[in-house]
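Below is one structure, written out as structure tokens; comments come after it.
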Amino acid sequence: MLIPKKVKHRKWQKGRSRKRVVETRGTGLSYGSHGLQATESAWLTSAQIEAGRRAITHSLRREGKVWIRVFPDKPVTKRPPETTLGGGKGSVDHYVFPVRPGRIIYEIDGISDDKAKVALRLASHKMPFKTKVVTK
């Protein structure tokens, strides 16, 4: 699972959801010839990123190369169950990456078009938002 080695601030504020804001960075293919692009916004957890990566590598059977274009660096805190109010903010539970529409999540290269589309379709089932497969 992906987590930062060292952070400047242990706990972050939640931020505001920007449903209509489109991503400006990371929208084009940089490394591979096929990619999985988000069409909705959501928080992508490190477990979901790993599940998508495992689906792609299992489908490719050690062919080609896979790039993960996102890294979860936003901490999400959680209070223990059955605790009363007060006592401050909870401890860090997991890390997420806030995805906005247009962001490339995975890239693949070195395999045929139909195998790449099948692998990326399997990874799209692990994502909490709608995606589309893009090619160069």
Side-chain angles (χ1 to χ4, degrees):
M1 299 251 279
L2 298 170
I3 59 169
K5 287 182 184 149
K6 186 178 171 185
V7 291
K8 185 172 183 180
H9 300 289
R10 191 165 53 97
K11 298 176 183 178
W12 290 8
Q13 291 184 342
K14 189 173 292 196
R16 294 288 163 260
S17 65
R18 297 179 183 101
K19 296 223 178 247
R20 292 180 211 162
V21 176
V22 181
E23 187 67 72
T24 56
R25 299 177 300 162
T27 58
L29 294 174
S30 300
Y31 304 103
S33 57
H34 297 82
L36 189 68
Q37 187 176 37
T39 58
E40 294 178 346
S41 59
W43 279 0
L44 189 60
T45 66
S46 58
Q48 291 164 342
I49 295 170
E50 177 64 15
R53 184 200 65 80
R54 289 182 68 176
I56 290 172
T57 55
H58 180 76
S59 174
L60 296 183
R61 297 191 182 130
R62 292 183 292 172
E63 291 181 39
K65 185 152 173 59
V66 180
W67 289 270
I68 303 173
R69 295 281 307 274
V70 293
F71 185 81
D73 61 347
K74 180 185 179 80
V76 176
T77 60
K78 194 171 182 182
R79 295 285 302 273
E82 300 178 7
T83 54
T84 58
L85 293 178
K89 194 169 183 169
S91 59
V92 174
D93 185 50
H94 60 279
Y95 289 88
V96 298
F97 179 81
V99 176
R100 294 193 292 188
R103 171 71 76 158
I104 300 290
I105 310 297
Y106 300 103
E107 289 191 33
I108 299 178
D109 200 13
I111 55 169
S112 62
D113 290 347
D114 52 344
K115 283 185 180 179
K117 288 179 182 176
V118 168
L120 291 172
R121 183 184 56 80
L122 290 173
S124 71
H125 293 305
K126 311 293 183 189
M127 300 294 113
F129 44 79
K130 291 181 182 175
T131 59
K132 66 179 181 180
V133 177
V134 293
T135 57
K136 264 192 180 171

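Residue numbers run from 1 in the order of the sequence given.
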Distance (rounded to the nearest 0.5 Å) between E107 CD and L36 CG: 10.5 Å
More than 12 heavy atoms of other groups within 6.0 Å of K136 NZ: yes
Interatomic distance, L60 atom CG to K65 atom NZ [nearest 0.5 angstrom]: 12.0 Å
Short side-chain to backbone donor-acceptor contact, K11 and G90, under 3.5 Å: yes
Side chain to side chain contact (heavy atoms under 4.5 Å, CB included) between I56 and L122, worked out: CA-CA 7 Å; I56 290 172; L122 290 173; over 6 Å; no
Interatomic spacing from OG1 in T135 to CD1 in I108 - rounded to 0.5 Å: 12.0 Å
V133-I68 co-clustered via ILVMFWY side chain contacts under 4.5 Å: yes
Check: G102 main-chain N/O paired with Q37 side-chain donor or acceptor under 3.5 Å: yes
Any residue meeting ring pair (Phe, Tyr, Trp, His ring centres under 6.0 Å) with Y31, in chain and number order, not counting sequence neighbours: W67
Name of the residue among I111, D113, D109 meeting side-chain contact (heavy atoms from CB on, under 4.5 Å) with H34: D113
Trace of the side chain to side chain contact (heavy atoms under 4.5 Å, CB included) decision for T131 with I105: CA-CA 9 Å; T131 59; I105 310 297; 5.5 Å; no
Main-chain N/O of V70 paired to Y106 side chain as donor or acceptor, under 3.5 Å: no
Minimum side-chain heavy-atom gap T24-V22 below 4.5 Å: no
side-chain hydrogen bond (donor to acceptor under 3.5 Å, both in side chains) contacts touching residues 70-96 (sequence neighbours left out): none
Heavy-atom closest pair, residues P101 and S41: CD-CB, 3.9 Å
E50: side chain to side chain donor-acceptor pair (under 3.5 Å) partners, not counting sequence neighbours: R53
F129 side chain reached by R103 side chain, heavy atoms, under 4.5 Å: no
R121 versus S124, closest heavy-atom pair with distance: O-OG, 2.6 Å
Single-linkage hydrophobic cluster F71~V7, side-chain heavy atoms < 4.5 angstrom: no
Residue pair I49 / P72, side-chain heavy-atom distance below 4.5 Å: yes
ILVMFWY network linking F97 to V92, side-chain heavy atoms under 4.5 angstrom: no
S46 (side chain) donor-acceptor with M1 (main chain) under 3.5 angstrom: no
Beyond-backbone contact of L44 with P128, side-chain heavy atoms, under 4.5 angstrom: yes
Steps toward side chain to side chain contact (heavy atoms under 4.5 Å, CB included) verdict (V76, W43): CA-CA 10 Å; V76 176; W43 279 0; 3.9 Å; yes
Distance (rounded to the nearest 0.5 Å) between L120 CG and H125 NE2: 11.0 Å
For the student: nearest non-hydrogen atoms of V96 and T45, plus distance: CG1-CG2, 3.8 Å
